[in-house]
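Below, read A as the first sequence line, B as the second, and so on, with proteins coming before strands; counting in each chain starts at 1. Atom set for the values below is all heavy atoms of this structure, side chains included, hydrogens, waters and symmetry mates excluded. Here the structure is a predicted model, which means the values were calculated and not measured.
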Amino acid sequence: MRTRRQNLNIKQESSVKLEDVEDVKQESFHFNGNVFTDYQEMVDAKRKRNQDMLVSTGLLDACSSIRNNVKVEATVTSNRGLKADRKRKPESNLLRRKSSRLSGVKTPMLSVEHESGGRFKINIGDELKVVEIGSSAYMTEETEPQYFNNRVNDGTELTIKNAVKFSNPKWLKNNSVESAQKFVNEVLQQTCNITPVLSKERCSPITVAMDIGKGNRKGKDTSKSGLSSQLDCLSADSETFVAKVVPERIFSVALHPSPHKIIAVAGDKRGHIGFWDTAADSTSSTDGVHLFKPHGGCVTHLEWNKSGTKMLSASYDGGLRIFDLHKEKFNEIFATYDDSEEFKAKPGYGLDQGYRYWVQYACMADKNEDSLYLSTSAGSVLHVDLRSKAKVTFNEVFSNKKINTVSLHPNGHTLATAGNERMLQLWDIRKVQSKFTKKSTPKCSPVSTQIATGSINSAFFSPSGKYLLSTNLGDKIDILSDAHLESGHIKKPTHSIRHDNHTGRWLSTFMARWHPSITNEELFVVGSMQHPRTMEIFDGNQGKLLRGIQGNAISNVVSRCCFHSSSEKLIVMGGTSSGRVVVAQ
DNA sequence: CTGGTTATTAAGGCG
DNA sequence: CGCCTTCCATAACCAG
């Protein structure tokens, strides 16, 4: 908006200037019906008009009062969690990129030949010498990725020990491997051995009190219902609610389903996955944080299975892994490869199209780790069924542009895709599947579509299947009711909530996400650009904001959020672009 | 119509 | 504290 206005101003100015140039010849200047012989006089008159306008409309006062009120208190960044070990920082061979232009260095014939994953190949002058520069602080001069797409290994099994060791050494300690091993054995495994009590008490659902959607939450005593009091209680005020869990920007978050322990997981830009046992002994040096690096690129999705024994991780590097806490491995279950001869035996052979092709998103179909849906930057959607012989049961182009998320309706056959083509599309998977097996049928088309005014960051079906929730760059959060029953063009969302989704390129995009439990009220959580930094909880039925969580623990924009699966206690987590995780409970 | 350019965004690191 | 870098984003705009 500001940009547009600025551009407009520039345009107006420049057009005025052109007129002025004309006027110079006649040596008179026109403004507002008056003629000026002196250019400066005309400019002054114009400035006075503008100033009067600002004063008379009260804009100046409003601006200064807003500025005073909005003045953000400097937040103290938490020191909990991962701590950098300066001694371990690689010293001399560290190459940091510096701007030659800004430091006034004359450039020879420089050209960037190729850039990928932060690695540059630069041609210098006539020699065409290829230089690679590691952009990441810990990357040394060793260059060519050892494995396809910079993956951490060739797809063979990945032990806890190695997963820890692949992490950026700057954030590791001497005992990191042992403490991670201990965490898996003593915390994760034991938590999972206790039978969940969730299902038993699910029959007493908490209900939404109708009076809490009215903005400020004053009627505390009138609403005694479980949910509203829980919403009120949610707090992010304590320093113990935040920790640095991964070194870099968080792309994905997940909470372990155990009702006994709150274990938060976050995936970052470089392929790290950090676990945080929020109840860990505060005397421990890492505050219960354990770092692994099973991937070579952004970890775009993390998802636990129902029992909490396995966790799927998906990455831009094209690899999908399952962290199995009993096997104690981060094993690759599927990975894309190009059509090089050496990969012929791999199930993902020939999928990778090289330049600008990557796996954007992957998720389980109904928490089943054998059935996975993937979306790619090229607009294709794949279904990977590990039980089938071919593994890839379809690979179909659904869009001309990148698809950001896929979501399967609980009915098992309606798939929602959303992406940069500004379209939300619903597909009948059964038809796509049959098209893939019998190659005769024509191009498959979506059952229904909804057009958005900007790229769509995400679209998810609610756990009950009633709603479809999408977050788009037209600054809207849209809720569609019974979208899976629609056909053709969906004209209007049931609720359309204005929401600033303009995160820019340094922050992960917002994706509003549902509470995973099926209850009467369907809640969703989303990050926000608001000051002070906020996590927002909405009521999906009403499309209304129920609670904005703020507090000392939230010192950055929380880009990615999720709920704990417990239907008894509300627990929300969020991840920021500095690798910090907030848990509000 | 399309390929190229630029503004925008937040936060950590470094001097 | 102030400046610089980050960079697998998007959108709007502009030139060819």
Chemist: Could you state the atom-to-atom distance from CZ of A:R249 to C1' of C:dT6 in whole Å?
Modeler: 9 Å
Chemist: Whole-Å distance between C:dA9 C1' and A:N457 CG?
Modeler: 10 Å
Chemist: Could you give the CD-to-P distance, from A:Q360 to C:dC8, as a whole number of Å?
Modeler: 11 Å
Chemist: Quickly work out the A:M511 CE to C:dT10 P distance and round it to whole Å.
Modeler: 9 Å
Chemist: A:R505 has a side chain; which of B:dT9, B:dG13, B:dA11 sits nearest to it?
Modeler: B:dT9
Chemist: Within a strict 4.5 Å, meaning less than it, do heavy atoms of the A:L382 and A:N395 side chains meet?
Modeler: yes
Chemist: Below 4.0 angstrom from OP1 or OP2 of B:dA10, is there any side-chain N or O of A:N556?
Modeler: no
Chemist: State whether A:K402 places a side-chain N or O below 4.0 Å from either non-bridging phosphate oxygen (OP1 or OP2) of C:dT10.
Modeler: yes
Chemist: Of A:S578 and A:G504, whose closest DNA chain B nucleotide lies nearer the 5' terminus?
Modeler: A:G504
Chemist: For the aromatic rings, using the six-membered ring if either is Trp, is the centroid distance between A:H290 and A:F275 under 6.0 Å?
Modeler: no
Chemist: Should A:S455 be listed as having a side-chain N or O under 4.0 Å from OP1 or OP2 of C:dA9?
Modeler: no
Chemist: Taking the side chain as every heavy atom from C-beta outward, state whether A:E248 and A:H272 have any atom pair closer than 4.5 Å.
Modeler: no
Chemist: Return the value, rounded to whole Å, for the distance between atom CG of A:D475 and atom P of C:dA12.
Modeler: 11 Å
Chemist: If each of A:W506 and A:H502 is mapped to the nucleotide of DNA chain C with the nearest heavy atom, which maps nearer the 5' terminus, i.e. the 5' end?
Modeler: A:W506
Chemist: Taking the six-membered ring of A:F330 (Phe, Tyr or Trp), confirm whether the NZ or CZ of A:R151 is under 6.0 Å from its centre and within 45° of its axis.
Modeler: no
Chemist: Output yes when at least one side-chain N/O atom of A:Y316 is less than 4.0 Å from OP1 or OP2 of C:dA9, else no.
Modeler: yes
Chemist: With no hydrogens and no angle check, do the side chains of A:T156 and A:D154 hold a donor and an acceptor under 3.5 Å apart?
Modeler: yes
Chemist: For B:dG12, does either OP1 or OP2 sit under 4.0 Å from a side-chain N or O belonging to A:K244?
Modeler: no
Chemist: When the distance from CD1 of A:I554 to C1' of B:dA10 is rounded to whole Å, what number comes out?
Modeler: 16 Å
Chemist: Considering only atom C1', compute the distance from B:dT9 to C:dA12 and round it to an integer number of Å.
Modeler: 16 Å
Chemist: Taking only residues two or more places apart in sequence or in another chain, which ones pass salt bridge (Lys or Arg N to Asp or Glu O under 4.0 Å) with A:E421?
Modeler: none
Chemist: Quick check for you: among C:dA9, B:dA10, C:dT10, whose closest atom lies nearest to any side-chain atom of A:N404?
Modeler: C:dT10
Chemist: Phosphate oxygens OP1/OP2 of B:dA11: is one of them under 4.0 Å from a side-chain N or O of A:R533?
Modeler: yes
Chemist: For A:K170 and B:dG12, give me the distance from atom NZ to atom P, rounded to whole Å.
Modeler: 12 Å
Chemist: What is the distance from CD1 of A:I456 to C1' of C:dT10, rounded to the nearest Å?
Modeler: 14 Å
Chemist: Picking from B:dA10, C:dT10, C:dA12, which would you name as closest to the side chain of A:R422?
Modeler: C:dA12
Chemist: At under 4.0 Å between heavy atoms, what does A:G454 touch on the DNA or RNA strands: base, sugar-phosphate, or nothing?
Modeler: sugar-phosphate
Chemist: Is there a side-chain polar atom (N or O) of A:N420 under 4.0 Å from OP1 or OP2 of C:dT10?
Modeler: yes
